[in-house]
Structure formats: C-alpha cells, structure tokens
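I have placed the structure first, in the form of structure tokens, so that the comments after it can refer back to it.
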Amino acid sequence: MKKLHLIFFSISILVVYSCNQNSNAKQEQSLTALSDSSLPAGNNDNNDVPVKLVKSASINLKVNYVEKASMAVSELARQYGGMLYTKDFHAEEEGRNELNVSKDSLLLVTSFTPHAGIIVRVPSVKLEEFLFSLSDIGYYTSSSSLHVDDKSFVFMENQLKNSSRSVVINEPGAKIKSIPAAIQKIGVKDDMINQQIANQAINMDVKYSTVSLELYQNALVKKEMIANTNIVGYNLPFHKRLSNSLQAGWDAFLSLIIALAILWAFIFVAVVVYLAYQYINRNKKLSVVPYVKS
C-alpha cells in the first residue's frame, strides 16, 4: 500500500513539473512575439528606428518699425504654410523728463524702445528657407540659433509600451474579477491614451517647427502735453482774483444790511432806551439849583 502511494506521488510531481515547463515556454514565446509585433516591419535593430527629428529656432532681429515687422512676419509664416501662435508687444521706458510750461501744464518727454515677442510654426521642410527670408524683414541680427531634438527613441518607447498594454488588455479570457482590477485596467487604458497622444504630439512637432522671434528697434522719443498734478501751483489770474474780492465785499455789505433788517426791532428799542436815558439825565441836571453865598 505504501508503495502505491509513493508511485502515485512521484507521477503527480512529474505531471506538475511538465506543466510548468510548458507554461514557461508559452510565456517566452508570447513575449518574443510581443516584442516582434511591437516593432515596425524590419525594425529589429537600432538602424531601423523611425527617425523623429524635432526642429526649433530662435532669432533676435533689429528692424525699422516693430509693428510693421510683426505683420510682415505673420504674413511670411502664412506664405510658407505656417501660422502665428503668440505675439507679445511691449515698450521699455528708458527715461522721462517733465518740463513746466505753465502752472497747470507740463511737457512730458519720454524715450522708449518697442519690442515684440513672436512665436510661429512653419513646416519643417521649409524651416531653413523661412529663416533666410527673415533677413529681408530686419537689417541686423543680434543672435540666432537652431536646435534639433531627436525624439526617435521616445516615439519607439511609447509604441512598445502601448503595444504591450494592448496585449494585456485584449488578452483572451481576461476578466475583471474585482473593483481594484477594474481600476487597474482603466489606468492601463489611460496610459495607452497618454502614449498615443504623446506620439501624435511628436509627429506634429516633427511636421511643424517652432520659431521664436524677438524684434526690437531704435529708441523713440515722444512729446505730449499733460496736466500738472501738483495742485499747489493752481491759481486764478490777478484780474480774476481782484474781481472776485470786490464781489465778495459787496456780498458781505449786502449780508450786513440784511442782518440789520432782521434786527430792526432790537435796534429800535435800543435807540429808544438810549434817548430816554439821555432825556432823563438832562432833566436832572436842570432841576438842581446851584448854591450861592451872600
């Protein structure tokens, strides 16, 4: 009986070992097929990686008039099949002076330098031709640069990751058994979407190059008449102030008459009392007889 149990146990171990070997072989085959299917046809070495070159350029250009040059750059980009993305116009004030013209007016003299920051995107195949055409807009180039960024392996990495996630998501017999598994599957799909969008962005950057321009011109001087904000200096002319003083005195005199008219009763009583006092006092003096010695 013990021998039968030992034989059965040995057979079970052999069966389990053979199953594990078959499953490992299948996993290796699936990983090999996944790696081969993720690469484009014939892309089994680094020499066959799809080339994704992203070009960008920047240039500082001195022009006669910034506003006219900005419109010319926009029109030139449209001629080459591109478009204007950003335009930022600003003027740097370098100095100012306020001259007194009168007590209430100032002559403001200001010097400033106009600048314009522009970003355009043009087809990459016409980038160099576009940069050469910019020299016709300005007459002096302060600085310029051209940068090429190789996104080939980033693009390939996104493709491989996206393919591997696609195999996991679409694996036959894969079922969602719990909420965490569903959340994990949604996260994998979101990663696939992000990588697809990243590759689309790379393709767009490869197709259209970005050019950053900084336009500037010589300093300008502007004169303008402004009001004097120092109110202490404001006053009326002499003849106007004299006329206002005479008018104020006449108004004060009329106000006094009106005040006396209001107080006429009190004034009348005061006059009557005063006259009565004087009359009584005079009569007293007349009634007193002087004493004369004999």
Side-chain angles (χ1 to χ4, degrees), residues 60-75 84-119 137-140 142 212-294:
N60 291 342
L61 199 63
K62 188 175 184 179
V63 298
N64 291 323
Y65 299 100
V66 167
E67 293 183 359
K68 292 182 179 180
S70 299
M71 293 186 290
V73 170
S74 179
E75 180 63 27
L84 179 69
Y85 267 62
T86 303
K87 179 181 178 182
D88 180 21
F89 179 84
H90 60 280
E92 295 181 0
E93 186 175 303
E94 298 179 354
R96 58 185 296 162
N97 191 14
E98 297 180 354
L99 305 176
N100 289 324
V101 177
S102 62
K103 292 183 178 181
D104 59 354
S105 300
L106 297 175
L107 178 62
L108 177 61
V109 183
T110 309
S111 63
F112 60 94
T113 303
H115 293 263
I118 300 175
I119 297 178
I137 297 176
Y139 65 88
Y140 177 74
S142 299
S212 301
L213 297 98
E214 182 69 24
L215 305 180
Y216 66 97
Q217 67 180 67
N218 290 326
L220 299 177
V221 177
K222 184 179 180 181
K223 299 178 181 180
E224 56 182 333
M225 194 71 68
I226 62 174
N228 187 3
T229 56
N230 185 10
I231 60 174
V232 177
Y234 283 83
N235 210 336
L236 295 174
F238 172 76
H239 68 279
K240 188 64 177 176
R241 284 183 288 169
L242 179 60
S243 175
N244 290 342
S245 298
L246 295 175
Q247 184 65 37
W250 178 251
D251 292 338
F253 177 72
L254 295 179
S255 299
L256 178 61
I257 294 176
I258 293 173
L260 294 175
I262 295 174
L263 300 174
W264 70 270
F266 298 96
I267 296 173
F268 177 76
V269 171
V271 170
V272 171
V273 171
Y274 177 75
L275 294 176
Y277 174 78
Q278 291 293 334
Y279 177 77
I280 294 171
N281 192 24
R282 189 172 56 251
N283 290 337
K284 285 182 178 181
K285 290 180 179 181
L286 294 175
S287 61
V288 174
V289 177
Y291 173 74
V292 181
K293 292 182 177 181
S294 59

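- Two residues are said to be in side-chain contact when any heavy atoms from C-beta on lie closer than 4.5 Å; Asn100 and Leu106 meet this criterion.
- Remark: Ala219 pairs with Glu94, Thr113 by the side-chain contact (heavy atoms from CB on, under 4.5 Å) rule, at least two apart or across chains.
- Taking each heavy atom of Leu107 and Lys223 in turn, the nearest pair found is CD1-CB, 4.3 Å.
- For the side chain to side chain donor-acceptor pair (under 3.5 Å) test, residues two or more places apart in sequence or in another chain that qualify with Ser142 are Tyr216.
- Judged as a salt bridge (charged side-chain N to carboxylate O under 4.0 Å, His left out), and not counting sequence neighbours, the contacts of Glu98 are Arg96.
- To the nearest 0.5 Å, the span separating CG on Leu108 from CD on Glu224 amounts to 5.0 Å.
- With sequence neighbours excluded, no residue satisfies side chain to side chain donor-acceptor pair (under 3.5 Å) with Glu67.
- Remark: Leu220 CG to Ser111 OG distance equals 9.5 Å, nearest 0.5 Å.
- Under the salt bridge (charged side-chain N to carboxylate O under 4.0 Å, His left out) criterion, Glu92 pairs with no residue, sequence neighbours left out.
- In this structure, OH on Tyr140 lies 10.0 Å from CG on Asn60, to the nearest 0.5 angstrom.
- Taking the side chain to side chain donor-acceptor pair (under 3.5 Å) definition, one finds that Asn218 meets it with Lys62, sequence neighbours left out.
- Nearest heavy atom pair, residue Glu93 against residue Phe112, reads CA-CB, 4.0 Å.
- Rounding to the nearest 0.5 Å gives a distance of 10.0 Å between CG of Leu61 and CD1 of Ile118.
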Atom pairs and distances, donor-acceptor, side-chain atoms in residues 250-263, under 3.5 Å, two or more places apart:
residue: Asp251; atom: OD1; partner: Gln247; partner atom: NE2; Å: 3.2
residue: Ser255; atom: OG; partner: Asp251; partner atom: O; Å: 2.8

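- Listed by chain and residue number, Asn283 satisfy the side chain to side chain donor-acceptor pair (under 3.5 Å) test with Tyr279 (two or more places apart in sequence, or in another chain).
- Legend: residues meeting side-chain contact (heavy atoms from CB on, under 4.5 Å) with Val269, ordered by chain and number and at least two apart, are Val273.
- Looking at every heavy atom in both residues, Glu214 comes nearest to Gly117 through OE1-CA, 3.8 Å.
- Residues passing the side-chain contact (heavy atoms from CB on, under 4.5 Å) test with Ala116, sequence neighbours excluded: Val66, Ser70, Phe89, Leu215.
- With sequence neighbours excluded, the residues satisfying side-chain contact (heavy atoms from CB on, under 4.5 Å) with Gln278 are Tyr274.
- Nearest approach of Leu99 to Val109, heavy atoms of both residues: CD1-CG2, 4.5 Å.
- A distance of 13.0 Å separates OG of Ser212 from OH of Tyr85, quoted to the nearest 0.5 Å.
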